[in-house]
Amino acid sequence: MIAPTYDVAIVGGGIVGAACAYECVQRALRVAVIEQDVIGGGATAAGMGHIVTMDDSDAQFALTRYSQTLWQQLRPELPANVEYEQCGTIWVAADEDEMNEVLRKHDYYTRNGVPAEVLSSADLEGLEPNLRKGLAGGLLVLEDGVLYPPCAARYLIECALAKGATLYSASTVSQIGRGRVYFSNGSSLSAAVIVNAAGAWAPALTPGIEVKKRKGHLVITDRYPRFVRHPLVELGYLKSSHSLTADSVAFNVQPRRTGQILIGSSRQFGAERKEVDREIMRRMLQRAQSYLPGLSETSAIRVWTGFRAATPDKLPLIGPWPADSTVYLATGHEGLGITTSLATAKLIADQITGNRSAIPAEPYLPSRIRTPEHANA
Ligand SMILES: Cc1cc2nc3c(=O)[nH]c(=O)nc-3n(C[C@H](O)[C@H](O)[C@H](O)COP(=O)(O)OP(=O)(O)OC[C@H]3O[C@@H](n4cnc5c(N)ncnc54)[C@H](O)[C@@H]3O)c2cc1C
């Protein structure tokens, strides 16, 4: 038997693949990263970069909170172009029903050690004077933050390369399995473990996984420093991100260090083309203006789209793929992959090296999803 060239070959140089490479080299593994395009150019370039603790389920909470603490630990070494700011999130409640959700969320977060403050209508107006008047209040989650995802991915890859990882750039993988990575140019390499971190394209390499593209639009404005001071998200966002069928838009804006305002967001299934959908964008901007009327006076300078990788149970697929013991999955992060990339990488590296993880890995294991391809595996 010839020993494999690499301990780990990672397909995909988005934030998830980059984080996996960063973590695997810390464990002294021989790592290859294969990227068909530029590092951080897929969904990672399209994302908002909100590092956010979420509590749709205990498993989602555990992964987002763990990863957020990992980002906080990494923060002192991040270069300035990653633009990490711990500015908190304000969940905006429009009415008393949504205020009840604020109270529920506040209770959950504080019970689980996440600093959060309930805001009255007046508090909200004081913190964010450009919001429309008469909103019921909100929840300020203090340790949430924002960063610039493509530079974060590039930094993680550069660290991995400095520690001996090999980057195969402009290289498209056509097939993976049984310890081999096959390139579209006919060559191949061997690795003990292959991590499929190809984001929304992961099913092309691992047929049978239920990951669907979920399209999103974002708009960025010219510079309007302090027009908004925190990431602002309507509580209705939770309903829109939960829907697995309908197209939806929600108020979700973010201040950037440059003074620009990033405006989101939309969710669409079955929209496979990357072109901007004017109707969705119109609905998204209308929603944002209904919360921030002054936005109508600002100039947008760029609009783009990206594809989230969505799973049916809204949790990512992290760990070994039951149909092939050499293949691991690190995909399906939907709208939280920037946040959860570092925790994903820790779980993957722990599984490869046989270490115990800081949080239970079971909720994210691909084996939870039984498909015909591996029903007998
Ligand atoms: C509009 C929008 C807003 C978002 N906002 C946030 C947010 O605020 N916070 C948050 O946490 N998340 C957010 N997300 C989600 C986040 O962007 C993704 O979950 C994350 O970027 C996924 O990273 P990834 O590395 O898995 O995938 P990607 O970044 O898509 O990387 C996959 C890489 O694999 C490469 N690849 C694919 N197939 C092959 C192949 N055959 N051979 C070689 N290379 C291949 C691709 O070129 C790509 O570079 C948002 C997403 C969108 C679309």
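Just so you know, ligand 1 is whichever comes first in the structure, and atom 1 is the first atom listed for that ligand.
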Ring-face cation contact, Tyr291 with Arg132, 6.0 Å cut, 45° max
yes

Cation-pi check, Arg302 to Trp304: give yes when NZ or CZ is under 6.0 Å from the six-membered ring centre and within 45° of the ring axis, no otherwise.
yes

Does [X] come within less than 4.0 Å of [Y], counting only side-chain N to carboxylate O?
| X | Y | result |
| --- | --- | --- |
| Arg111 | Asp107 | yes |
| Glu272 | Lys213 | yes |
| Glu23 | Arg27 | yes |
| Lys163 | Glu158 | no |
| Glu234 | Arg287 | yes |
| Asp247 | Lys215 | no |
| Arg178 | Asp324 | yes |
| Asp55 | Arg65 | no |

Going by distance only, is there an N or O of [X] that falls short of 3.5 Å from an N or O of ligand 1?
| X | result |
| --- | --- |
| Ile15 | yes |
| Phe307 | no |
| His50 | yes |
| Gly306 | no |
| Gly337 | yes |
| Ile338 | yes |
| Thr340 | no |
| Val38 | no |

Counting heavy atoms only, which of [options] is nearest [atom]?
| atom | options | result |
| --- | --- | --- |
| atom 41 (N) of ligand 1 | Leu147, Val16, Val173, Asp37 | Val173 |
| atom 3 (C) of ligand 1 | Gly12, Gly17, Gly47 | Gly47 |
| atom 29 (O) of ligand 1 | Val33, Thr44, Thr344 | Thr44 |
| atom 15 (C) of ligand 1 | Arg308, Glu334, Arg267 | Glu334 |

Per-atom contacts of ligand 1 with [X], taking only distances under 4.0 Å to non-hydrogen atoms:
| X | result |
| --- | --- |
| Ser171 | 42 (N), 43 (C) |
| Ala197 | 32 (C), 34 (O) |
| Leu336 | 10 (C), 11 (O), 12 (N), 15 (C) |
| Gly199 | 26 (O), 27 (O), 32 (C) |
| Thr172 | 42 (N) |
| Ala43 | 17 (O), 21 (O), 28 (P), 29 (O), 30 (O) |

Going by atom types only, do [X] and [Y] share a side-chain donor-acceptor pair under 3.5 Å?
| X | Y | answer |
| --- | --- | --- |
| Ser190 | Thr5 | yes |
| Gln289 | Ser296 | no |
| Asp144 | Gln86 | no |

To check your reading of the model: name the closest protein heavy atom to [atom], its residue, and the distance in Å.
| atom | result |
| --- | --- |
| atom 31 (O) of ligand 1 | Gly14 CA, 3.4 Å |
| atom 35 (C) of ligand 1 | Glu35 OE1, 3.2 Å |
| atom 11 (O) of ligand 1 | Thr339 N, 2.7 Å |
| atom 5 (N) of ligand 1 | Met48 N, 3.0 Å |
| atom 36 (N) of ligand 1 | Gln36 NE2, 3.6 Å |

Hey, does [X] sit under 4.0 Å from ligand 1 if you only count heavy atoms?
| X | result |
| --- | --- |
| Thr331 | no |
| Lys215 | no |
| Gly49 | yes |
| Ser265 | no |
| Gly335 | yes |

Tightest non-hydrogen contact, residues Leu342 and Ala19, listed as CD2-CB, 4.0 Å

Centroid separation Tyr168 to Phe183 less than 6.0 Å:
yes

Let me see the working for Glu128 and His230 under side-chain hydrogen bond (donor to acceptor under 3.5 Å, both in side chains), right down to the final yes or no.
CA-CA 8 Å; Glu128 292 290 349; His230 306 79; 2.7 Å; yes

